[in-house]
There are 2 protein chains.
Amino acid sequence: MDILSRLANITPHILTGDDALPYGRDWVGKYETTPLAVVRPGSTKEVSEILALCHETGTPVVPMGGNTGLTGATAAEGMLVLSLDRMQNIREIRPDARLAVVEAGVILQNLHDATAEHGLSYPMSFGAKGSARIGGTLATNAGGSNVLRYGNTRDLCLGIEVVLADGRVLDLMSELHKDNSGYDLRDLMIGSEGTLGVITAAVLKLVPKPLAYATAMVTVPTLSAALRLLNALQTRTGGMVEAFEYMPRDYMENLERHRPDLTPPLGYDQDHTIFLEIASTVPRDCTPDEDGQLPLAAQLEETLGEMFEEGLVLDAALAQSESQRTLMWTIREVAAEISVAVKPVVINDLCLPVDQVETFLNRADAKLRAMDPGFGTCVVSHLGDGNVHYTVFPSTEALIDPLMEAVEDIVKDMRGSFSAEHGIGLGKLPSMRRRKDPVALEMMRAIKTVFDPKGILNPGKTLP
Amino acid sequence: MDILSRLANITPHILTGDDALPYGRDWVGKYETTPLAVVRPGSTKEVSEILALCHETGTPVVPMGGNTGLTGATAAEGMLVLSLDRMQNIREIRPDARLAVVEAGVILQNLHDATAEHGLSYPMSFGAKGSARIGGTLATNAGGSNVLRYGNTRDLCLGIEVVLADGRVLDLMSELHKDNSGYDLRDLMIGSEGTLGVITAAVLKLVPKPLAYATAMVTVPTLSAALRLLNALQTRTGGMVEAFEYMPRDYMENLERHRPDLTPPLGYDQDHTIFLEIASTVPRDCTPDEDGQLPLAAQLEETLGEMFEEGLVLDAALAQSESQRTLMWTIREVAAEISVAVKPVVINDLCLPVDQVETFLNRADAKLRAMDPGFGTCVVSHLGDGNVHYTVFPSTEALIDPLMEAVEDIVKDMRGSFSAEHGIGLGKLPSMRRRKDPVALEMMRAIKTVFDPKGILNPGKTLP
């Protein structure tokens with residue numbers, strides 16, 4: 001009996017031929033593969049039976065959530081896709097314990113909607129939240145726009161359920177905030193891109209949903225001034241900064257060229273623009289005074305005024321309405337659009353120590369200018385956590401690899417990372433091979449062998 | 001050439017005979033062992049050479065920090081103790097990046113003192129902070145009294161340097177807040193109690209040091225009311241709650257019996273007493289008004305008043321002076337002293353889901369009462385993270401094991417943990433054998449074999 005017939009004994013939800021093709025393509029259109037088939041289990045038990053069968057038969061299997069990744073981690077040429085998209089149950093929301101118990105196929109936006117009914121939030125958010133599924137966010141340790149305040153996926157997860165390569169279930173569904181009983185298998189599974197096991201369910205932390213926001217665009221004389229502004233805001237708000245985004249001059253130039261409809265409040269002609277937002281759950285911060293102003297906004301204005309006196313801030317514009325706030329967010333969020341508007345392009349998702357971003361940008365600029373005087377860039381950074389989306393436009397196709405390697409050389413020299421939040425998948429395998437500590441790589445390969453001795457789980461991904 | 005002579009070629013800092021004995025004893029006096037010798041390297045290079053030698057010769061080696069653990073994780077009968085106590089260098093404090101780079105032998109209190117000079121804090125604190133060393137806190141994923149706000153050691157660490165069993169150095173000294181380049185080896189090492197490698201240095205996160213505190217003792221009608229009070233405080237302060245400690249009636253009875261000099265502000269005769277503290281870095285919260293009151297304290301008083309109206313709070317006493325605050329802290333911190341004042345005793349460091357603590361206490365009380373009508377307890381809980389220090393006084397020695405197993409049965413049934421923050425070491429090996437998911441145990445053993453194929457690192461600890 002062939003593998004498809006045996007799979008059909010486990011679940012009727014199997015797609016083949018043209019029906020399977022959408023699962024073989026990533027949404028950026030970079031990876032186009034033809035899966036053997038797609039199997040869509042409805043329970044952990046079925047996932048377990050499917051993996052036991054794949055293990056027995058040596059069938060390569062690619063676990064898949066919302067398929068919104070950027071690195072080709074779900075490319076599945078000739079392989080079986082194991083889609084979690086039918087496991088969409090939010091099993092529990094416990095407001096007093098501030099946790100949610102969900103299946104891996106729950107769409108992020110659906111969890112946002114469900115928690116909002118309780119005045120709570122699962123504070124993981126990024127552009128693809130309407131399609132991305134919880135299992136995928138866990139498999140990639142997703143980042144997004146709230147990491148500065150709430151951490152990445154690993155920080156937001158209490159427990160997971162994992163089906164191992166041979167079909168056994170590893171039960172780490174803890175609801176606990178403290179558990180020192182042995183090695184940390186949970187964090188090993190999170191971020192392993194489906195190469196060590198298939199996450200089928202999770203216990204996630206919830207936080208109070210903010211009642212109000214104060215949002216601003218600010219110009220600063222230097223990046224070190226920006227960092228001091230961030231630290232001052234964190235101290236004075238007790239850690240309420242949710243976004244602190246850096247847009248250098250080249251970003252504003254790309255913005256003006258490609259989206260002249262979006263006029264930044266402080267103009268395009270700025271060396272260092274910061275977009276920032278603070279958010280509060282404190283009722284007294286969020287109740288408008290007789291002039292209709294929020295105490296939260298007044299506090300931000302006061303702090304920015306003091307920073308102006310100290311020379312750390314050059315100019316500032318506070319959003320006075322929801323539409324002004326939306327404009328500011330849009331100016332930041334069109335980054336993906338304007339970064340790929342020019343070809344050839346080299347996309348880098350880098351991380352540096354937060355106090356080293358300015359040095360990195362200066363070094364990279366000097367080095368690339370020497371190699372390719374006609375190069376361009378479009379840089380935007382989650383400055384609060386050192387993550388730099390460093391997009392380079394080489395003069396010619398031939399310079400793509402040399403410029404990427406040059407950037408990575410500097411990153412490595414400065415002890416940064418070539419993959420901050422997107423992961424490895426297929427796209428960053430060459431960087432992983434060239435840049436990762438060889439001892440770490442050897443230990444990772446040995447761990448892979450422990451969990452997946454036959455190498456059936458997402459073969460060819462993550463580890464070179 | 002014997003092992004000691006070869007060690008002497010690496011470093012002259014070797015202790016033998018009586019000089020080695022203090023390293024063989026734990027401070028609670030439960031484990032008394034005679035080490036082969038103690039070697040005290042001064043650098044990562046020396047640690048590497050020592051482990052290479054131990055690996056070659058099959059010599060069991062016990063890594064040791066401040067030796068303040070509670071589980072016998074550094075017991076070293078006939079083994080070589082590798083003490084990090086000479087590696088005390090604080091290499092860097094970078095205030096703008098809010099990080100510190102330290103060697104493993106740095107004493108926790110020394111790091112507190114050094115960061116305070118910058119208005120910053122490394123917010124890991126517990127009773128033994130004057131002796132405990134950073135390497136030990138990492139090896140055990142230490143918890144302590146600030147976990148509610150700042151997380152455990154794992155949450156406070158950006159990077160580590162580890163020497164592997166064969167002497168190779170695994171360089172994970174990241175200063176990064178985002179790094180998705182492969183499996184999470186850092187969190188695997190943290191909490192592994194020296195059985196997977198020897199941590200020699202670390203990059204740690206710093207936070208702003210609070211400017212002021214507001215502290216109170218409160219009585220509540222039920223534990224679910226306490227949890228709602230905690231959540232309300234978290235929301236209204238934007239997450240500034242640093243301590244939220246539960247003392248039930250039996251705790252107050254033990255307090256009255258053993259420390260009648262400490263009079264609790266709301267009296268001994270209370271079913272549910274909560275000790276809580278909030279801390280702020282916000283200048284406007286921390287500047288006294290014309291009456292000398294802190295806005296922070298006024299805010300706490302107002303919230304407690306509203307909770308009183310709702311019936312969630314029965315009575316409250318705010319600390320009006322530093323000496324009143326000290327008294328409240330002392331009433332909580334004498335727990336260790338009054339918990340061991342009666343023998344026989346069973347000490348349990350449990351964790352439950354935060355909304356299940358009340359159910360657990362009721363179930364445990366009923367079950368133990370049925371088994372041993374004359375039993376006593378002394379219970380105190382970090383309620384905010386579900387950690388219950390559940391001390392039982394059986395009527396007879398013979399009941400120690402049955403009562404411990406009975407408690408663990410309930411904990412397991414409620415998906416709690418038998419080790420919240422103390423770890424496993426030797427003391428919790430029987431619980432690990434009986435209670436841990438067998439699939440998880442098998443994976444942990446396989447990981448141990450990957451990192452320490454000859455089994456020389458802290459043999460006989462952590463894994464049964």
Side-chain angles (χ1 to χ4, degrees), chain A residues 94 96-97 140-141 143 147 152 168 170-172 175-185 187-188 191-192 208 224 227-228 231 234-238 240 280-283 351 353-355 385-387 415-424 432 436-437 439-440 443-444 446-447 450 462, chain B residues 94 96-97 140-141 143 147 152 168 170-171 175-185 187-188 191-192 208 224 227-228 231 234-240 280-283 351 353-355 385-387 415-424 432 436-437 439-440 443-444 446-447 450 462:
Chain A
R94 300 225 303 274
D96 286 349
T140 57
N141 187 32
V147 170
N152 54 30
R168 285 186 300 172
L170 179 60
D171 180 358
L172 307 171
E175 298 175 354
L176 308 176
H177 289 266
K178 288 181 177 174
D179 185 7
N180 279 347
S181 59
Y183 305 154
D184 184 6
L185 300 179
D187 288 326
L188 189 63
S192 67
S224 78
L227 196 54
R228 288 169 63 193
N231 287 336
Q234 293 286 36
T235 298
R236 286 165 195 236
T237 61
M240 291 181 187
S280 177
T281 61
V282 182
C351 197
V354 293
D355 58 353
D385 44 48
N387 187 184
R415 304 187 66 82
S417 174
F418 53 85
S419 182
E421 58 182 9
H422 296 169
I424 304 300
M432 192 78 169
K436 195 75 189 174
D437 177 47
V439 180
M443 292 298 119
M444 289 179 194
I447 289 170
V450 163
T462 311
Chain B
R94 302 223 304 274
D96 286 349
T140 56
N141 186 33
V147 170
N152 54 30
R168 286 186 299 170
L170 180 60
D171 180 358
E175 298 175 354
L176 309 176
H177 290 268
K178 288 181 176 175
D179 184 7
N180 279 346
S181 59
Y183 304 155
D184 184 5
L185 300 179
D187 289 326
L188 189 61
S192 67
S224 79
L227 196 55
R228 288 168 64 193
N231 286 336
Q234 293 286 35
T235 299
R236 285 165 196 233
T237 60
M240 290 181 188
S280 177
T281 61
V282 182
C351 198
V354 292
D355 58 353
D385 43 48
N387 187 184
R415 304 187 65 83
S417 174
F418 54 85
S419 182
E421 58 183 8
H422 296 169
I424 304 299
M432 192 79 169
K436 194 75 189 175
D437 177 46
V439 180
M443 293 297 119
M444 289 180 194
I447 289 169
V450 163
T462 311

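Excluded from the calculations below are hydrogen atoms, water molecules and symmetry mates; all remaining heavy atoms, backbone and side chain alike, are included. Just so you know, these numbers come straight off a predicted model, no measurement behind them. Chain letters run A, B, ... following the sequence lines, proteins first, then strands; residues in each count from 1.
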Under 4.5 Å from any heavy atom of chain B, what part of [X] do you find: side chain, backbone, both or neither?
{"X": "Met432(A)", "answer": "side chain"}
{"X": "Arg415(A)", "answer": "both"}
{"X": "Pro353(A)", "answer": "both"}
{"X": "Ser280(A)", "answer": "neither"}

> Among Val439(B), Asn231(B), Thr281(B), who wins on heavy-atom pairs under 4.5 Å with chain A?
Replying inline: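 Of the candidates given, the most pairs with chain A belong to Asn231(B).
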> In terms of heavy-atom pairs under 4.5 Å, which option from Gly416(B), Gly182(B), Gly239(B), Ser224(B) contacts chain A the most?
Replying inline: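 Ranked by heavy-atom pairs under 4.5 Å with chain A, first place is Gly182(B).
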> Can you check side-chain contact (heavy atoms from CB on, under 4.5 Å) on Ser181(A) and Ile424(B), steps first, answer last?
Replying inline: CA-CA 6 Å; Ser181(A) 59; Ile424(B) 304 299; 4.1 Å; yes
Greatest number of heavy atom pairs closer than 4.5 Å to chain B - which of [options]:
{"options": "His177(A), Gln234(A), Lys178(A)", "result": "Lys178(A)"}
{"options": "Leu172(A), Thr140(A), Thr237(A), Leu170(A)", "result": "Leu170(A)"}
{"options": "Asp96(A), Leu188(A), Leu227(A)", "result": "Asp96(A)"}
{"options": "Arg236(A), Arg228(A), Glu175(A)", "result": "Arg236(A)"}
{"options": "Val354(A), Val450(A), Asn152(A), Asp171(A)", "result": "Asp171(A)"}
{"options": "Gly191(A), Gly386(A), Ala440(A)", "result": "Ala440(A)"}

> When rounded to the nearest 0.5 angstrom, what distance separates CG in Leu185(B) from CG in Asp187(A)?
Replying inline: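 Interatomic distance, Leu185(B) CG to Asp187(A) CG, rounded to 0.5 Å: 12.0 Å.
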> For the atom pair OG (Ser417(A)) and CG (Leu176(B)), what is the distance rounded to the nearest 0.5 Å?
Replying inline: 6.0 Å
> Do you know the tightest heavy-atom contact between Asn387(A) and Ala420(A)?
Replying inline: ND2-CB, 3.2 Å
> Taking all atoms of both residues into account, what is the closest heavy-atom pair of Ser192(B) and Thr462(B), and its distance?
Replying inline: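 For Ser192(B) versus Thr462(B), the nearest heavy atoms are O-OG1, 4.0 Å.
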> Is there a donor-acceptor contact under 3.5 Å from the side chain of Asn180(A) to the main chain of Asn141(B)?
Replying inline: yes
>> Is Asp437(B) in contact with chain A via its backbone, its side chain, both, or neither, using a 4.5 Å heavy-atom distance?
In response: side chain
> Can you list the steps and then say if Met240(A) with Val282(A) is a side-chain contact (heavy atoms from CB on, under 4.5 Å)?
Replying inline: CA-CA 10 Å; Met240(A) 291 181 187; Val282(A) 182; 3.8 Å; yes
